[in-house]
Amino acid sequence: MNPTPTPPETTLLAEVVLPVPLDRAFTYRMLAEQGSEPLRVGDLVGVPFGRRREVVGLVTALHAQDGVVEAIDGAKLKNIGRVFPAAYRVEGDRRELLDWMAGYYALPPGEVLPLFHPPAPGTKKRASRHESPVFPTSGASAPELTGDQQRALDVVTVLLDEHKYGSLLLHGVTGSGKTEVYLRAIAEALARDRTALVLLPEIALTPQTEARFRERLSDAVAVLHSGLPAGERCRVHEAAAAGEIKVVLGPRSALFVPLRDLGVIVVDEEHETSYKQDEKPRYHARHAALIRARAAGAAVVLGSATPDLETWVNAESGRFELVELRDRPVGRLPLVEIVDLREEPSQDGFSRLLLKRIDESLGRDRQVIVYYNRRGYARALQCTSCGEAVLCPSCDIVLTLHLRPRRLLCHYCGFSRPVPETCPACGEPEPVSSGGGTEKVELALASQFPDARILRLDHDTTRTRGSHAQILSDFARGGADILVGTQMVAKGHHFPGVDLVGVLAADDGLHMPDFRAQERAFQLLTQVAGRTGREDPGTVVFQTWQPDHPVVTAASVHDYDTFARMELEHRTLVRYPPVVRMLRVGVTGRLLSEVEATAAAAAALVREGLPDRGIEVLGPAPAVFERMQNRYRYQILVKGTLGKEEKSWLAACVRTLKDRHRGVDVLLDFDPVGLW
Ligand code: ADP
Ligand code: ZN
């Protein structure tokens, strides 16, 4: 039997926000004898909620009341279950970030909270220390900086010395020494007893990158990635809070690590769309990084060869400092040859010129990258009799033919089915495949160059853990002659052995139904072209149906400025971001009639409820992907800057709409990115 506790004199009442879609705090109590340490605002606590035994919440306010309080407003009070260690407190710059995100993205703070702690905070299991793989590197000594690199570094050191927030756009062609600047800026921060955060697109988190940072910055570096077990995440979280780890490398989710005294936040490849989370909370890590840095008094370095136009506008207007690295300190930018596919027919996707260039390259014992941004063997399976293509039953999107294993696959929901012998629509035999994919490209290369060792890098060859890094390191150490792949081959790797990059369809991405299609196409072409000429001269071949397309011509001479000017003129004309802000109101559901009705109601509400002030409402209209995973999708686009009150009004509208139309989901996506 437990001894009867002595009644405490006071009851501590805590306001706790929880990850539930309700914009309010919940009151819990803590009896005096419950905790040995006093509860504080900012503490992370575990509390019972509804039927759930423990939900992780944040204490946002505290007050004491005399005696034992049992209920408030007739509702029986529940006790706080446990208080997590101090390492999990959300305070200072992280608290400011949380509040900003809740306001900017119109979400209850509790729904933003899960970003700020590992999935199972306080997981006690002591994970083994992460062993970084051994990787060949060029040697640890730091080169002498070029004048432009030094100017960039000076911007950061001045901010560090003044303990001030400021941002720098480091616009430098691929291989121009941006990473060198990051390393030096971080070293300067460490020298001042500050810490640093490096955000990278997930795909760039290779052992190669990790090794380079570790080698130069010693052991205080930790790497986060999506594959880490909860225990390891907790270890990094706690070690960062304790000051044992001073540099964290990771994808967008690493932004929330509790590093103290942040001096520098680096956002590498800042134009990458993976910085935007496409599920709730739909935040942009670059934007959030600027907010955290402002709150922490830290410097932000945004690096890219092809800055996002929004970043570019900020640099042009002087809001960000701008330093350009125009040349490569080692090697030089490759020469791009353009093949006009209208003039020169291709064989299995390869023009004569490209085949010749590959042959020459292999003859010199150098390596080749072939880029084709579509995986699988053929884009579709189509009936020669009725013309129907085989669609995904839940997405209304064509299924892609894959050979290994031989199946039809939906690239959006993962549905797969055997390859039919007859057309599912009309029953005629032998539907035929059309269009290409990396599997077909690989086979074509193998038959053209039977002696070449070929590796393929795409979603299908990188399913198993570590296989992505394995393929890259095999190729980097010369274990293959040709690397074929999707845009995965374009990102960030340093392959000194590559002297040829072949782009099979340079105009491929230009005609997507996305106002950013040209920008994305330019970025990809520039990135992939940058994979060669890293040390010795390199060549790039762009095969295209539109050799005069301004995106193709600008990318072929590595001319970002011309592209950016032209694209901005266009955006200004049609009023699209970055010229205006944009919000997507998305409506999804299983019943088309319900989705249509909700979308119409939402559009009417938005049109009536937002005072004009230059706000423009488009839609409702079916989304680009009209039906995905059995859900119909409609969207309304709102162009213009919305204030805090307008945003909370919108969030309230969403709640009303969802209450009224059960089974329909309504979402707000501020600053949306990509096709939807
Ligand atoms: P980026 O990040 O822009 O792709 P890196 O920082 O990786 O460029 O630099 C490309 C190559 O140039 C690397 O091998 C790097 O060591 C080298 N490098 C960078 N800066 C200098 C410099 N100032 N002097 C000599 N070599 C440099
Ligand atoms: Zn599907």
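In listed order, ligands and their atoms are each counted from 1.
The aromatic rings of W312 and Y560 lie perpendicular to each other, with more than 60° between the two planes, well past the 30° mark. Ring orientation note: the planes of H411 and H402 are nearly perpendicular, at an angle over 60° on the 30°/60° scale.
Distances shorter than 4.0 angstrom occur between a heavy atom of R212 and an atom of ligand 1. Residue S176 places a heavy atom less than 4.0 Å from ligand 1.
Remark: Y634 engages E596 in a side chain to side chain donor-acceptor pair (under 3.5 Å) (not counting sequence neighbours). Contacts of H284 classified as ring-ring contact (aromatic ring centres under 6.0 Å, His included), with partners at least two apart in sequence or in another chain: none. With sequence neighbours excluded, the residues that form a side chain to side chain donor-acceptor pair (under 3.5 Å) with R631 are T588.
Within ligand 1, the atoms closer than 4.0 Å to a non-hydrogen atom of G177 are 1 (P), 3 (O), 5 (P), 6 (O), 8 (O), 9 (O), 19 (C), numbered from 1 in the order shown. In summary, the atoms of ligand 1 found under 4.0 Å from a heavy atom of E144, numbered by their order in the structure, are 22 (C), 23 (N), 24 (N). Below 4.0 Å from some heavy atom of T146 lie the following atoms of ligand 1, by number and element: 23 (N). Near V330, meaning under 4.0 Å from any of its heavy atoms, are these atoms of ligand 1: 12 (O), 17 (C), 26 (N).
Side chains of F320 and T311 form a contact here, defined as non-hydrogen atoms less than 4.5 Å apart. For the pair R374/T400, no side-chain contact is recorded, criterion being any heavy-atom separation below 4.5 Å from C-beta on. No side-chain heavy atom of Y371 sits less than 4.5 Å from a side-chain heavy atom of V484.
Considering backbone and side-chain N/O atoms, G175 comes within less than 3.5 Å of an N/O atom of ligand 1.
Only protein N, O or S atoms were scored, and 4 of them lie under 2.8 Å from the Zn ion (ligand 2).
No side-chain donor-acceptor contact under 3.5 Å links R531 and T174.
Counting all heavy atoms, side chain and backbone alike, F563 lies closest to E519 at CZ-CA, 3.5 Å.
The residue among P329, A142, G303 with a heavy atom at the shortest distance from atom 21 (C) of ligand 1 is P329.
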